[in-house]
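Remarks on the structure that follows.
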Amino acid sequence: PFVSKATGIPWAKMATKVMLGYTIEALGLPLDVPVPHTAVKEAVFPFNKFPGVDILLGPEMKSTGEVMGIDNDFGMAYLKAQLAAGQRIPASGKVFISVKNKDKSKLEAIATPLISLGFELVATAGTAAELSRLGISAESVYKVYEGRPNIVDLIKNGDIQLIINTPSGKNPMKDEVIIRQTALQMNLPVITTLPGALATVRAMKDVVTRQLDVKSIQLYHQDLGRA
């Protein structure tokens with residue numbers, strides 16, 4: 001269904017006809033389907049219905065639905081998908097960044113655009129030290145067990161607008177779980193993967209250069225000559 005919406009071709013219907021004996025040529029199906037726009041699929045999880053749950057995804061989890069963000073630019077399509085799924089990406093404020101050691105090589109690609117967009121960065125000691133090494137300014141904050149005020153205090157006080165937190169491994173540290181649980185309670189957007197962080201930053205950059213607009217899927221199909 002998602003690919004059918006993105007391309008304007010009812011693939012399930014076409015596949016059924018092929019199984020009934022029709023040829024691809026007889027159905028008039030193109031051998032190539034060029035799609036100039038980008039369609040982003042986002043799963044929707046009802047985490048807000050389960051207080052205290054960790055929002056970190058696992059293979060046993062099942063979504064309660066999915067949404068599509070569609071646009072000519074990837075960043076804007078991704079932003080639309082996040083908005084449709086209830087993830088509100090901020091336009092200003094403070095971003096908390098805490099990434100595992102394996103992801104620190106990509107810190108600059110995440111942090112530099114955020115600084116250029118006017119965001120302030122907050123990080124725990126290890127990430128803050130790496131940012132400083134890269135010449136990027138960040139406010140250092142305590143982990144939960146290190147003292148007060150710590151990152152959870154900042155989240156509860158409304159001082160953080162976005163959280164980028166890549167988990168340490170299969171058994172996330174207690175600090176990480178508490179951060180994500182508190183963010184859920186405060187309805188804060190949380191990014192838990194490196195690709196997700198990079199896509200979010202790209203979306204934030206795109207929304208600065210152009211306004212968010214709405215175009216029906218029928219018009220996208222019309223542009224493809226399939227209305």
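For reference, positions follow the sequence shown, starting with 1.
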### Task
Using the side-chain contact (heavy atoms from CB on, under 4.5 Å) rule, take I110 and L194 through it: C-alpha gap first, then chi angles, then the decisive distance, then the call.
CA-CA 9 Å; I110 297 169; L194 197 59; 3.6 Å; yes
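- No more than 12 heavy atoms of other residues, nucleotides or ligands lie within 6.0 Å of NZ in K102, so this atom counts as exposed by the packing criterion.
- Two residues are said to be in side-chain contact when any heavy atoms from C-beta on lie closer than 4.5 Å; K94 and L121 fail this criterion.
- Between M204 and F119, the shortest heavy-atom distance links the atoms CE-CZ, 3.3 Å.
- Considering CG of L162 and CD1 of I89, their distance stands at 6.0 Å, rounded to 0.5 Å.
- Across T124 and S140, no two heavy atoms sit closer than the pair C-OG, 4.5 Å.
- No side-chain donor-acceptor contact under 3.5 Å links E120 to the backbone of S92.
- No side-chain heavy atom of F96 sits less than 4.5 Å from a side-chain heavy atom of D159.
- Within 6.0 Å of CZ in F74 there are more than 12 heavy atoms belonging to other residues, nucleotides or ligands.
- Remark: the backbone N or O of I9 is paired with a side-chain donor or acceptor of S4 at under 3.5 angstrom.
- The two residues K80 and D71 come nearest to each other via the heavy atoms NZ-OD2, 2.8 Å.
- To the nearest 0.5 Å, the span separating CD1 on I160 from CD1 on I179 amounts to 10.0 Å.
- Both L27 and V33 sit in one connected hydrophobic cluster of ILVMFWY residues. Membership requires side-chain heavy atoms under 4.5 Å apart, directly or through other members.
- Both L188 and V152 are part of a single hydrophobic cluster, where members link through side-chain heavy atoms under 4.5 Å apart.
- Of the possible polar contacts, none joining the S98 side chain to the N165 backbone as a donor-acceptor pair under 3.5 Å is found.
- Salt bridge status for D153 with R148: present, with a side-chain N to carboxylate O gap under 4.0 Å.
- Taking both residues in full, the closest heavy atoms of F2 and K41 are given as CE1-CB, 3.3 Å, listed atom of the first, atom of the second, then distance.
- Looking only at distances, no side-chain donor or acceptor of S132 sits under 3.5 Å from a matching main-chain atom of A129.
- Enclosure of atom NZ in K104 by more than 12 non-hydrogen atoms of other residues, nucleotides or ligands within 6.0 angstrom is indicated.
- Cluster annotation: L154 is not connected to V99 through the hydrophobic network of ILVMFWY side chains, with a link wherever side-chain heavy atoms come within less than 4.5 Å.
- Using a 4.5 Å heavy-atom threshold, the side chains of K215 and D223 count as touching.
- Contact detail for P90 and Q161: the closest heavy-atom pair is CG-O, 3.6 Å.
- Note: the hydrophobic cluster containing I163 does not contain L114 (ILVMFWY, side chain heavy atoms under 4.5 Å, direct or indirect links).
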### Task
Decide side-chain contact (heavy atoms from CB on, under 4.5 Å) for M68 and I217; before the verdict, give the C-alpha distance in whole Å, the side-chain angles of both, and the deciding distance to 0.1 Å.
CA-CA 10 Å; M68 171 190 277; I217 198 166; 4.2 Å; yes
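- Of all the heavy atoms in N150 and V141, the pair that sits closest is C-CG2, 3.7 Å.
- With rounding to the nearest 0.5 angstrom, the CE atom of M19 is 12.5 Å from the NZ atom of K17.
- Side-chain contact between P149 and N157 is absent, with no heavy atoms from C-beta onward closer than 4.5 Å.
- Taking the side chain as every heavy atom from C-beta outward, L212 and L83 approach each other to under 4.5 Å.
- Under the 4.5 Å side-chain heavy-atom criterion for grouping Ile, Leu, Val, Met, Phe, Trp and Tyr, I191 is connected to L107 within one hydrophobic cluster.
- Distance CG/L29 to OH/Y22: 12.5 Å, rounded to 0.5 Å.
- Counting heavy-atom neighbours within 6.0 Å of L219 CG, excluding the residue itself, gives a total above 12.
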### T200/I164 under side-chain contact (heavy atoms from CB on, under 4.5 Å): CA gap, chis, key distance, verdict
CA-CA 10 Å; T200 300; I164 297 173; over 6 Å; no
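- Here the straight-line distance linking atom OG1 of T38 with atom CD1 of I70 works out to 8.5 Å at 0.5 Å rounding.
- With rounding to the nearest 0.5 Å, the separation of CD1 in I155 from CZ in R180 is 11.0 Å.
- By the neighbour-count criterion of 12 heavy atoms within 6.0 Å, atom CG of D213 is densely surrounded, having more than that number from other residues, nucleotides or ligands.
- Between L224 and H37 the shortest side-chain heavy-atom distance falls below 4.5 Å.
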